[in-house]
Amino acid sequence: MKTPLNFIHAIIEEDIKNNKNESRVHTRFPPEPNGYLHIGHAKSICLNFGTAAKYNGLCNLRFDDTNPVKEDVEYVDSIQEDVKWLGFDWGDRMYYASDYFEQIFQYAVDLIKKGKAYVCDMTAEEIGSNRGTPTKPGTESPYRNRTVEENLDLFQRMRAGEFADGVKVLRAKIDMASPNMHMRDPILYRILHTEHHRTGNQWCIYPMYDFAHGQSDSIEKITHSICTLEFEVHRPLYDWFVKELGIFAPQQIEFARLNLNYTVMSKRKLLQLVQEGLVNGWDDPRMPTICGLRRRGFTPESIRNFAETIGVAKRDNVIDVALLEHCVREDLNKKAMRVMAVLRPLKVVIDNYPENQTEELDAINNPEDETMGSRKVPFSKVIYIEKDDFMEDAPKKYFRLSPGAEVRLRYAYYITCNSVIKDENTGEILELHCTYDPATKGGSSPDGRKVQGTIHWVAAETAVEAEVRLYDRLFVNEFPENVEEGVDYKVNLNNNSLEKITAFVEPFLMGSKLDQKFQFERIGYFCVDKDSVESKLVFNRTVSLRDSWNKNK
RNA sequence: UGUCCGAUAGUGUAAUUGGCAACACGACAGUCUCUGGAUCUGUAGACUCUAGGUUCGAACCCUAGUCGGACAACCA
């Protein structure tokens, strides 16, 4: 069976067939180290590294670090960690645009010498207003016709630090009347007396992204520069630089960025959520960041599979977060060990079970994977079950415990509920009294009688308390950014996106380690949080299991 | 009133490049089950944005239009 090609791979296969670049495929993932990577970047990472792997090519990791005022090593470290965690390897090809500053400076000198760039003394405001609008042409800078010698001298003096921030810029001399705004004498270099996280104080002028990105790709001999749609309008400019400079020409191909409903994806907004304390840091499990998803319990495989499933195209798209959730479930279903945990405990006393007796019952660790073996679960007279698993006046289709009904305790016994003890004042159900059938040990009866439901439980005596963090969507609105003029999108924040509860878990979980993943049977998938310690376990709910009974209501 | 890009079931992506519109998720129904999970089976759901044209034949090519998106940072 041949898998259909996305449009980028179709282009690449055509290029290979035509022996373009000696049929070489070389991509790159070029983040700016000014924030943490999110699921949208994951799409790009999977695309770039995945494409290289598919065509026996290479993929570089390159930091586009041309703006020292926003960038930081904290981000370059986290980006490397996240790309690695996703399962990709850039080998020895980790680069920085700042590695090329000298070369890029020379490119600028070349342009000046060719009369294609000039130093402009206008202020930012003047340049802005002279640029015109998309429908009106701009006007030319009065400095546009400085001589090559003067430009060369001024540009060298900019580099030497003779001028203050903002008083001069280097601009390309292209066409102030171009219908493409990016061709209206774009700024190439600006003065920034700011220490760079890598080059220190070596430079006080820095190239703009537009003057660095394409050339960086060119220097690295990138064959296919895959980027998002908003850079489509920049492509003529990159091509202009390549042509004027006479350097290797990468081919830029643009694709539509990922959008997820109930989620914001812009770095600016994510930063804001962090800075305003609306979430607990970049790796808050509610964040769509890669580190957030990791802490939430997502696996790299599930994210890669998600990227594969959503495909690549040019039209705008909004993916349902439910698809992302489906991808984790699918992966965790195969891998996660099953255990029992009771989130909202209801005490059950089994009246006819001997006092002080404890049994070790066999439980299968993963019915999807025999090799994961089995374990022992202690059982005794007093147990906890889920509050939801009991109903005093149960509807016909309710298969769990109710007065007079018999259910199976998973891997244990059949029990029947005899009486309900309630708080006299509030009517709240405090405990249940049941009897068990000793012949049903292990969960099946010798007489072959069927029970409607199977519920999970934890023996009270050996139960371990654990903090469980239940996460919900960060936003209540499907499109949180769709707000009326002047309204802050944060009004759409979900006030109940995090609920911390104390649960009882089976003792097996006692020694569980950071990032270990479990399925709490009948509830969902959970992982050990980094806040977890020996004396106080903390679990994050990655995603719930489907519950069709609840859904139908 | 500019330039560039896009438009296919609810959502996303395909369609051997001009030859019966398919797959996944979701929905619904059923099967199975010691997890109301998973599995398995099935059903519904699309005048392929509109109108013309080319053609034996158009989702695909052409023309015009409609709608949507991107672009006016010394950000990337």
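Per chain, numbering begins at 1; letters A, B, ... match sequence-line order. Just so we're clear, the structure is a prediction, and the values are computed from it rather than from any experiment. Values below: every heavy atom of this structure, side chains too, minus hydrogens, waters and symmetry copies.
With sequence neighbours excluded, the residues forming a salt bridge (Lys or Arg N to Asp or Glu O under 4.0 Å) with A/Asp217 are A/Arg28, A/Arg62, listed by chain and number. For A/Asp99, the side chain to side chain donor-acceptor pair (under 3.5 Å) partners two or more places apart in sequence, or in a different chain, are A/Arg198. Evaluation of the side-chain contact (heavy atoms from CB on, under 4.5 Å) rule for A/Thr133 yields A/Thr135, A/Lys136 as partners, not counting sequence neighbours. Qualifying side chain to side chain donor-acceptor pair (under 3.5 Å) partners for A/Tyr143, counting only residues two or more places apart in sequence or in other chains: none. In this structure, the side chain to side chain donor-acceptor pair (under 3.5 Å) partners of A/Glu125, at least two apart in sequence or on a different chain, are A/Thr123. Annotation: ring-ring contact (aromatic ring centres under 6.0 Å, His included) contacts of A/Phe155 (sequence neighbours excluded): A/Phe105, A/Tyr189. Partners of A/Ala256 according to the side-chain contact (heavy atoms from CB on, under 4.5 Å) rule, which considers only residues two or more places apart in sequence or in another chain, are A/Leu229, A/Asn317. For A/Ser444, there are no side chain to side chain donor-acceptor pair (under 3.5 Å) partners two or more places apart in sequence or in a different chain.
Within the 4.0 angstrom heavy-atom criterion, no nucleotide atom of any strand lies near A/Val451. Backbone-only contact: A/Ile319 has heavy atoms under 4.0 Å from sugar-phosphate atoms and none from a base. Using a 4.0 Å heavy-atom criterion, one finds that A/Val312 contacts the sugar-phosphate atoms exclusively. A/Arg235 comes within 4.0 angstrom of no nucleic acid atom, judged by non-hydrogen atoms across all strands. Residue contacts for A/Asn6: at a heavy-atom cut-off of 4.0 Å it reaches the sugar-phosphate backbone alone, with no base atom in range. Among the atoms of the strands shown, none is found under 4.0 Å from any heavy atom of A/Glu330.
Nearest to the side chain of A/Thr454, among B/C5, B/G36, B/U17, sits B/G36.
Taking atom C1' in both B/G45 and B/C28, the straight-line distance is 11 Å, to the nearest Å. Annotation: B/A51 and B/C67 have their P atoms spaced 16 Å apart (nearest Å). Comparing the same atom, P, in B/A7 and in B/C40 gives a spacing of 33 Å after rounding to whole Å. Straight-line distance between the P atoms of B/G53 and B/A46: roughly 27 Å, to the nearest whole Å. Only the P atoms considered, B/C5 is 16 Å distant from B/G65, to the nearest whole Å. Here, B/G26 and B/U39 have their P atoms 9 Å apart, quoted to the whole Å. One P atom belongs to B/C62, the other to B/A70, and the distance between them is 26 Å to the nearest Å. If you take atom P in B/U43 and the same atom in B/U50, they sit 28 Å apart, rounded to whole Å.
With hydrogens and angles ignored, a donor-acceptor pair closer than 3.5 Å exists between the side chain of A/Asn333 and the base of B/G37. If you check distances only, the side chain of A/Arg400 does reach the base of B/G36 with a donor-acceptor pair under 3.5 Å.
The aromatic rings of A/Tyr95 and A/Tyr100 sit tilted, their planes meeting at an angle between 30° and 60°.
Projected onto RNA chain B by closest heavy-atom contact, A/Tyr411 and A/Val318 fall at different nucleotides, the more 5' of which corresponds to A/Val318.
Distance A/Asp320 CG to B/A24 C1': 13 Å, rounded to the nearest Å. Rounding to whole angstrom units, CD1 of residue A/Ile8 and P of B/U13 are separated by 12 Å. Rounded to whole Å, atom P of B/A70 lies 10 Å from atom CG of A/Asn259. Put simply, OH on A/Tyr262 is 12 Å from C1' on B/U11, counting in whole angstrom units. The NE2-P distance, from A/His456 to B/G36, rounds to 10 Å in whole Å. Straight-line distance from the CG atom of A/Asn261 to the C1' atom of B/G10: 12 Å, rounded to whole Å. When rounded to the nearest whole Å, the span between NE2 of A/His9 and P of B/A15 equals 13 Å. As a whole-Å value, the separation of A/Lys450 NZ from B/C32 P is 11 Å.
Between A/Phe539 and A/Phe520, the distance from one ring center to the other falls under 6.0 angstrom. For A/Phe526 and A/Phe518, the distance between ring centers is not under 6.0 angstrom. A/Tyr436 and A/Phe379 have their aromatic ring centers separated by at least 6.0 angstrom. Taking the centre of each ring, A/Phe101 and A/His196 come in below the 6.0 Å mark.
A salt bridge (Lys or Arg N to Asp or Glu O under 4.0 Å) check over residues 174-187 of chain A, counting only residues at least two apart or in different chains, returns the pairs A/Arg144-A/Asp185.
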Exercise for the section: State the dot-bracket string of RNA chain B. Criteria: Watson-Crick or G-U wobble, both atom distances under 3.5 angstrom; notation: ( ) intrastrand, [ ] crossing earlier pairs, | interstrand, . unpaired. Expected result: .((((((..((((.....[..)))).((((.........)))).....(((((..]....))))))))))).....
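Side-chain nitrogen and oxygen atoms of A/Arg546 include at least one within less than 4.0 Å of the OP1 or OP2 phosphate oxygen of B/G26. Taking side-chain N and O atoms only, A/Arg522 has a distance below 4.0 Å to OP1 or OP2 of B/G36.
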Practice task
Treat primed atoms plus P, OP1 and OP2 as sugar-phosphate and everything else as base, then score nucleotides 71-76 of chain B 5' to 3': B for base contact with protein heavy atoms under 4.0 Å, S for sugar-phosphate contact only, - for none.
Solution key: SB-BSB
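With its glycosidic angle more than 90° from 0, B/U13 adopts the anti conformation.
Contacts of residues 364-371 of chain A with RNA chain B (heavy atom under 4.0 Å): A/Pro367, A/Glu368.
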